[in-house]
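Read through the structure below, which is laid out as structure tokens, and then see the notes.
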Amino acid sequence: MPKQLDSSNIPKHIAIIMDGNGRWARAKGQDRLYGHSSGVDSVRETLKAAVEFGVKHLTLYAFSAENWGRPQQEIDGLMELLVASIHGELPALNERGVRFSTIGDVSRLPSACIDSLTDAVNSTAKNDKINLILALNYSSREEIVSATKKIVQRVLDGSLALDDINLQEFQQALYTANIPDPELVIRTSGEHRVSNFLLWQLAYAELHFTPVFWPEFRREHLVEAIYDYQRRERRFGKTSEQVILEK
Ligand code: FPP
């Protein structure tokens, strides 16, 4: 554990908006896909560090529902990179005890992607060191609409009473059912936006923004983000005095 971190206060769930691959690559005179493939090294290093620090859930925003609007060549390249990375990393995921899952509507991804995602989910299902959750074709607003439909369906078929709709039932209808809300969200590349990512789940998250582009994000940047998180006072609507008394 890095000495500046308090091992008793590591976020259980960290979510990352991996941004800046394209700009990083362009600044080097390379094409955008070079940025994305370099971003895979950052994923590997970040995951390794997260396991080391005892983080239990790591959610990475890999492809948003809005990303379908990108040039087809970039989309195809990203999908190929996803299949190749899963194939290449699967043995290491199993060695490190990583359980892999996805959030988002993966049914719209190319069939080769769906096959390798299913393979990774099944082959890592029994691992329990950390959950690696990839957000793919993910839109938080769509997630909320889809949760609403599930709840309404249960009311219509009589398995849920209108008065029994509550925060827990709603939470269980989201893609992230059974995953605790992230305490810390990191966005790279200097952008200060949430971009339709985990809108419900981020209600009380601490937000950390770094100017570092995703392909350059490494262990030290994760340490910096957790250190920043540990300096925050999380009040959940209470007063500072109450929070101090409860400690
Ligand atoms: C944002 O940078 C990044 C993405 C849309 C894709 C992220 C994907 C990876 C890091 C590869 C994922 C692969 C695996 C296996 C997890 P951007 O393209 O929006 O950068 P820009 O804002 O500079 O254009």
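We number each residue from 1, following the sequence as shown. A quick note: this is a predicted structure, and the numbers were derived from the prediction, not measured.
- Considering every non-hydrogen atom in both Pro91 and Gly88, the closest pair reads CD-O, 3.7 Å.
- Here the straight-line distance linking atom CG of Asp76 with atom CG of Leu81 works out to 12.5 Å at 0.5 Å rounding.
- Between the side chains of Ser240 and Glu233, at least one donor N or O lies within less than 3.5 Å of an accepting N or O.
- Between atom NE2 of residue His208 and atom OH of residue Tyr229 there is a gap of 13.5 Å, rounded to the nearest 0.5 Å.
- Here the rule is side chain to side chain contact (heavy atoms under 4.5 Å, CB included) with Tyr138, and of Asn196, Leu198, Thr102 only Leu198 fits it.
- For Glu169, the CD atom sits in a packed shell: over 12 heavy atoms of surrounding residues, nucleotides or ligands are nearer than 6.0 Å.
- Between the side chain of Asp119 and the main chain of Ser116, no donor-acceptor pair closer than 3.5 Å is present.
- One finds no salt bridge joining Asp228 and Arg231 here, because no Lys/Arg side-chain nitrogen approaches an Asp/Glu carboxylate oxygen to under 4.0 Å.
- In this structure, Glu216 CD and Thr210 OG1 are separated by 10.0 Å, a value rounded to the nearest 0.5 Å.
- Here the CD1-CG distance, from Ile86 to Leu134, works out to 6.5 Å after rounding to the nearest 0.5 Å.
- In terms of heavy atoms, Leu58 sits closest to Ala50 at CD2-CB, 4.4 Å.
- In the hydrophobic cluster analysis, where Ile, Leu, Val, Met, Phe, Trp and Tyr join through side-chain heavy atoms closer than 4.5 angstrom, Leu47 is grouped together with Val121.
- Between Tyr227 and Gln4, the shortest heavy-atom contact is CD1-O, 3.5 Å.
- For Arg187 (side chain) and Arg193 (main-chain N/O), a donor-acceptor pair under 3.5 Å exists by modelled atom type.
- Using a 3.5 Å distance cut-off with no hydrogens or angles, the side chains of Asn137 and Trp68 do pair a donor with an acceptor.
- Between Trp214 and Gly39, the shortest heavy-atom distance links the atoms NE1-O, 3.0 Å.
- Nearest heavy-atom pair across Val98 and Asn127 is O-ND2, 2.8 Å.
- Judged by distance alone, the side chain of Asp31 and the main-chain N or O of Tyr34 form a donor-acceptor pair under 3.5 Å.
- Note: Phe63 CZ to Met79 CE = 4.0 Å, rounded to the nearest 0.5 Å.
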Legend entry - side-chain contact (heavy atoms from CB on, under 4.5 Å) assessment of Gln30 paired with Trp24: CA-CA 9 Å; Gln30 301 277 358; Trp24 179 82; over 6 Å; no
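- By the side chain to side chain contact (heavy atoms under 4.5 Å, CB included) test, Ser8 pairs with Asp6, sequence neighbours left out.
- Side chains of Pro11 and Ile226 form a contact here, defined as non-hydrogen atoms less than 4.5 Å apart.
- Counted within 6.0 Å of CZ on Arg218, heavy atoms from surrounding residues, nucleotides or ligands total more than 12; the atom is thus considered enclosed.
- Defined by atom type and a distance below 3.5 Å, a donor-acceptor pair is present between the side-chain atoms of His36 and Glu74.
- Gln230 contributes a side-chain N or O that, together with a main-chain N or O of Asn9, makes up a donor-acceptor pair within less than 3.5 Å.
- In the hydrophobic clustering of this structure, Leu132 groups with Leu82; members are Ile, Leu, Val, Met, Phe, Trp, Tyr whose side-chain heavy atoms approach within less than 4.5 Å, directly or through other members.
- In this structure, the side chain of Thr188 does not engage the main chain of Met18 through any donor-acceptor pair within 3.5 Å.
- The one candidate from His57, Glu206, His13 that meets the side chain to side chain contact (heavy atoms under 4.5 Å, CB included) condition with Glu183 is His13.
- At a threshold of 4.5 Å between non-hydrogen side-chain atoms, the residues Leu117 and Leu136 count as touching.
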Donor-acceptor contacts, no H, no angles, side chain residues 103-115, under 3.5 Å, sequence neighbours left out:
| unit_1 | atom_1 | unit_2 | atom_2 | d |
| --- | --- | --- | --- | --- |
| Asp105 | OD1 | Ser107 | N | 3.3 |
| Asp105 | OD1 | Ser107 | OG | 2.6 |

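- Here the side chains of Glu191 and Ile17 are not in contact, with every heavy-atom distance at 4.5 Å or above.
- Annotation: the span from Glu95 atom CD to Lys129 atom NZ amounts to 13.5 Å, rounded to 0.5 Å.
- Here Tyr204 pairs with Phe236 under the ring pair (Phe, Tyr, Trp, His ring centres under 6.0 Å) rule; sequence neighbours left out.
- Within 6.0 Å of the NZ atom in Lys48, the count of heavy atoms belonging to other residues, nucleotides or ligands does not exceed 12.
- A donor-acceptor contact shorter than 3.5 Å is absent between the side chain of Gln172 and the backbone of Ala177.
- The aromatic rings of His221 and Phe217 sit tilted, their planes meeting at an angle between 30° and 60°.
- Under the 4.5 Å side-chain heavy-atom criterion for grouping Ile, Leu, Val, Met, Phe, Trp and Tyr, Ile75 is not connected to Val83 through any hydrophobic cluster.
- For the residue pair Pro215 and Gly35, the shortest heavy atom distance occurs at CG-O, 3.7 Å.
- Distance alone, capped at 3.5 Å, places no donor-acceptor pair between the Arg235 side chain and the Gln242 backbone.
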Legend entry - Trace of the side-chain contact (heavy atoms from CB on, under 4.5 Å) decision for Thr176 with Ile133: CA-CA 9 Å; Thr176 51; Ile133 303 148; over 6 Å; no
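- When hydrophobic clusters are built by joining Ile, Leu, Val, Met, Phe, Trp and Tyr residues whose side-chain heavy atoms come closer than 4.5 Å, directly or via intermediates, Tyr61 is not grouped with Phe100.
- Side-chain atoms of Ser64 come within 3.5 Å of backbone atoms of Glu66 as a donor-acceptor pair (strictly under, hydrogens ignored).
- Atom NZ of Lys150 is surrounded by more than 12 heavy atoms from other residues, nucleotides or ligands within 6.0 Å.
- In the hydrophobic clustering of this structure, Ile151 groups with Leu167; members are Ile, Leu, Val, Met, Phe, Trp, Tyr whose side-chain heavy atoms approach within less than 4.5 Å, directly or through other members.
- With hydrogens and angles left out, the side-chain atoms of Asn94 and Ser123 include a donor and acceptor closer than 3.5 Å.
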Legend entry - Residues Leu174, Ile179; criterion side-chain contact (heavy atoms from CB on, under 4.5 Å); working and verdict: CA-CA 10 Å; Leu174 295 168; Ile179 302 171; over 6 Å; no
